[in-house]
Trainee: 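Attaching a single structure in structure tokens format; questions to follow.
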There are 2 protein chains.
Amino acid sequence: MKKITLKDIARYFDVSISTVSKAVNDSHEISRDLKQRIQEYAKENHYKPNKLALNLLNRSTKTIGVIVPNILNYFFVQVLYGIEKIANENGYNIISCISDESFEKESKTLEFLDSGTVDGLIISLAEETQVKERIEGLQEISESQIPLVLFDRVSDLIACDKVIVDDFEAGYKTTKFFLNLGCKNVAFVSPIGKSSVGKLRLEGYKKARKKLKDDMMRNW
Amino acid sequence: MKKITLKDIARYFDVSISTVSKAVNDSHEISRDLKQRIQEYAKENHYKPNKLALNLLNRSTKTIGVIVPNILNYFFVQVLYGIEKIANENGYNIISCISDESFEKESKTLEFLDSGTVDGLIISLAEETQVKERIEGLQEISESQIPLVLFDRVSDLIACDKVIVDDFEAGYKTTKFFLNLGCKNVAFVSPIGKSSVGKLRLEGYKKARKKLKDDMMRNW
DNA sequence: ATGAAAGCGCTAACAC
DNA sequence: GTGTTAGCGCTTTCAT
């Protein structure tokens with residue numbers, strides 16, 4: 001069963017399309033009787049305004065695209081929740097996509113979301129993208145296209161607003177905590193050692209170890 | 001910086017819009033020279049065809065909407081992965097949405113995805129939707145609109161294709177397994193006791209206990 | 001080789 | 001109170 005349009009309704013009632021448009025939008029310009037009949041018919045036939053057409057007309061989709069690298073990660077799921085909550089509160093919908101830590105998938109998703117589909121983009125970079133520094137696509141977007149915000153996994157090469165965690169400090173403090181406890185062999189293990197986040201944590205870890213060593217030397 | 005359209009390019013080169021359209025689409029109809037200049041200019045200015053317009057024209061978006069109740073659940077994440085994989089392989093993108101087990105959120109999402117945004121819908125019902133049997137919206141969709149497939153959390157009241165797990169059997173077998181082990185007090189605990197899935201598992205559980213009891217009576 | 005025109009579904013300014 | 005027109009950005013006949 002094909003989808004019904006204003007045109008179909010207009011033909012049925014033998015009136016103009018704009019009349020139908022006004023009728024379904026409950027305009028005061030339309031006579032009470034005709035309006036009622038049209039609305040009834042529209043409802044019966046499950047008329048729904050085509051969003052594509054509306055979005056094209058308004059040059060706005062009221063949706064934000066979000067790309068996260070990995071959805072098996074609780075952190076990203078939480079972020080997704082948060083973004084969606086605030087977005088909804090402000091009349092926006094979100095489209096959440098997963099790059100799966102792959103540069104290719106990220107690019108394809110970007111391609112999909114870009115140009116028309118969304119009004120803005122919120123992205124946390126795939127590890128591969130960070131490692132290879134393949135940020136041409138993102139740069140292009142940040143330069144001229146839709147609003148872009150990077151979070152957590154960011155890149156200095158892309159000029160845009162960013163929301164980040166102080167991973168260096170986190171790595172430092174965590175390591176220091178264990179060292180202060182008297183632990184002798186504190187290992188650093190990370191599944192994302194090559195991402196910006198992993199690298200910063202590692203730096204923090206190293207600094208803490210170095211500091212301990214330096215302190216010991218001094219007190220020797 | 002506003003997004004550039006065919007119109008803008010046409011104005012710049014003082015040619016018609018259709019000429020530009022053909023040029024960017026690398027049509028043979030356009031002279032080699034002009035085509036090259038237009039393509040270059042288009043690239044420099046980050047021209048991207050507006051997908052909204054294209055989708056409207058093609059009356060197809062090549063995207064599928066997926067609604068899952070909960071993304072902190074590994075099962076749904078896996079399903080999401082699977083759907084996305086197959087969809088991508090077939091030239092489709094997916095928009096994944098979370099109903100958060102809430103009927104209201106599910107309805108809103110449905111509203112958002114319906115009419116134009118996606119070519120088809122894959123849904124696992126929110127618990128609240130199942131409990132309250134509020135399936136008017138879904139029914140309407142299954143009746144006349146876009147293709148709909150339900151999975152896991154389904155409803156008999158909606159006539160459409162469904163992909164399900166034999167939860168009754170699963171509950172039965174699991175319980176039986178423990179009973180056979182000699183366990184005396186096998187409890188049934190479920191966070192989704194009111195969903196179709198939870199109920200069926202409970203039925204299976206009950207059946208296994210009943211069977212044990214019956215068997216014992218017989219052998220007495 | 002290039003352009004004019006129609007149309008996708010819709011709204012809005014402006015007639016009548 | 002109802003219709004006409006233009007336009008959102010694009011493709012696609014069908015001229016020229």
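Each chain gets a letter, A, B and so on, in the order the sequences are listed, and its residues count up from 1. Quick caveat: nothing in here was measured; it's all calculated off a predicted structure.
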Trainee: Within the structure shown, what part of the strands sits under 4.0 Å from A:L34 by heavy-atom distance: base, sugar-phosphate, or nothing?
Mentor: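 Sugar-phosphate: the residue A:L34, judged by heavy atoms under 4.0 Å, touches backbone atoms but no base.
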
Trainee: Could you check whether any side-chain N or O of B:E127 sits under 3.5 Å from a backbone N or O of B:K194, counting only pairs where one atom can act as donor and the other as acceptor?
Mentor: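 Here the side-chain-to-backbone pair exists.
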
Trainee: Does A:D156 CG have over 12 foreign heavy atoms under 6.0 Å away?
Mentor: no

Trainee: Side chain of B:S31, heavy atoms from C-beta onward: which of C:dC10, C:dT2, C:dC8 has the nearest atom to it?
Mentor: C:dT2

Trainee: On DNA chain C, does the nearest nucleotide to B:S16 precede the nearest nucleotide to B:R59 from the 5' side, or the other way round? Give the residue.
Mentor: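 Its nucleotide being nearer the 5' end, the pick is B:S16.
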
Trainee: Rounded to whole Å, please give me the gap between CD1 in B:I17 and C1' in C:dA6.
Mentor: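 Nearest whole value for this atom pair: 13 Å.
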
Trainee: How many Å lie between NZ on A:K3 and P on C:dC8, as a whole number?
Mentor: 14 Å

Trainee: With heavy atoms under 4.0 Å as the rule, sort B:L54 into base, sugar-phosphate or nothing.
Mentor: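 Sugar-phosphate contact only.
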
Trainee: Using 0.5 Å steps for rounding, measure from the OG atom of B:S124 to the CD1 atom of B:I67.
Mentor: 10.0 Å

Trainee: Could you check how far CD of B:E29 sits from C1' of C:dT2, rounded to whole Å?
Mentor: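 Rounded to the whole Å, the gap is 9 Å.
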
Trainee: Which two nucleotides bound the region of DNA chain D that has atoms under 4.0 Å from heavy atoms of chain A, read 5' to 3'?
Mentor: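 Nucleotide range with atoms under 4.0 Å of chain A: D:dG1 to D:dG9.
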
Trainee: Taking atom C1' of C:dG3 as reference, at what distance in whole Å does atom CZ of B:F13 sit?
Mentor: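 In whole Å, C:dG3 C1' lies 17 Å from B:F13 CZ.
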
Trainee: Against B:D33, only a single residue in B:K35, B:Q36, B:R37 fulfils side chain to side chain donor-acceptor pair (under 3.5 Å); can you say which?
Mentor: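 Checked B:K35, B:Q36, B:R37 against B:D33; only one passes side chain to side chain donor-acceptor pair (under 3.5 Å): B:R37.
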
Trainee: Does atom CZ of A:F177 have more than 12 heavy-atom neighbours from other groups under 6.0 Å away?
Mentor: no

Trainee: By a strict heavy-atom criterion of less than 4.0 Å, which residues belonging to residues 18-28 of chain A are in contact with DNA chain C?
Mentor: A:S18, A:S21, A:K22, A:N25

Trainee: Using whole Å, what does the distance between atom P of nucleotide C:dC8 and atom CG of B:N55 come to?
Mentor: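 Value for this atom pair: 16 Å.
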
Trainee: Name the orientation class of the two ring planes belonging to B:Y12 and B:Y41 (parallel below 30°, tilted from 30 to 60°, perpendicular beyond 60°).
Mentor: parallel

Trainee: To the nearest Å, how far apart are A:N50 CG and C:dG7 C1'?
Mentor: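 To the nearest whole Å, that distance equals 14 Å.
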
Trainee: Which comes earlier along DNA chain C counting from the 5' end, the contact point of B:L56 or that of B:K35, where each point is its nearest nucleotide?
Mentor: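 Result: B:K35.
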
Trainee: In whole angstroms, how far is the P atom of C:dC10 from the NZ atom of A:K48?
Mentor: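 Value for this atom pair: 13 Å.
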
Trainee: Nearest-Å distance, CG (B:D14) to C1' (C:dT2)?
Mentor: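 So the two atoms are 12 Å apart, to the nearest Å.
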
Trainee: Aromatic rings B:F188 and B:Y205: how do their planes relate, parallel, tilted or perpendicular, breaks at 30° and 60°?
Mentor: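 The rings of B:F188 and B:Y205 sit tilted, inter-plane angle from 30° to 60°.
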
Trainee: Would you confirm whether B:N70, through its side chain, and B:L72, through its main-chain N or O, come within 3.5 Å as a donor-acceptor pair?
Mentor: yes

Trainee: Is any side-chain N of the basic residue among A:E203 and A:K207 closer than 4.0 Å to the acidic one's carboxylate O?
Mentor: no

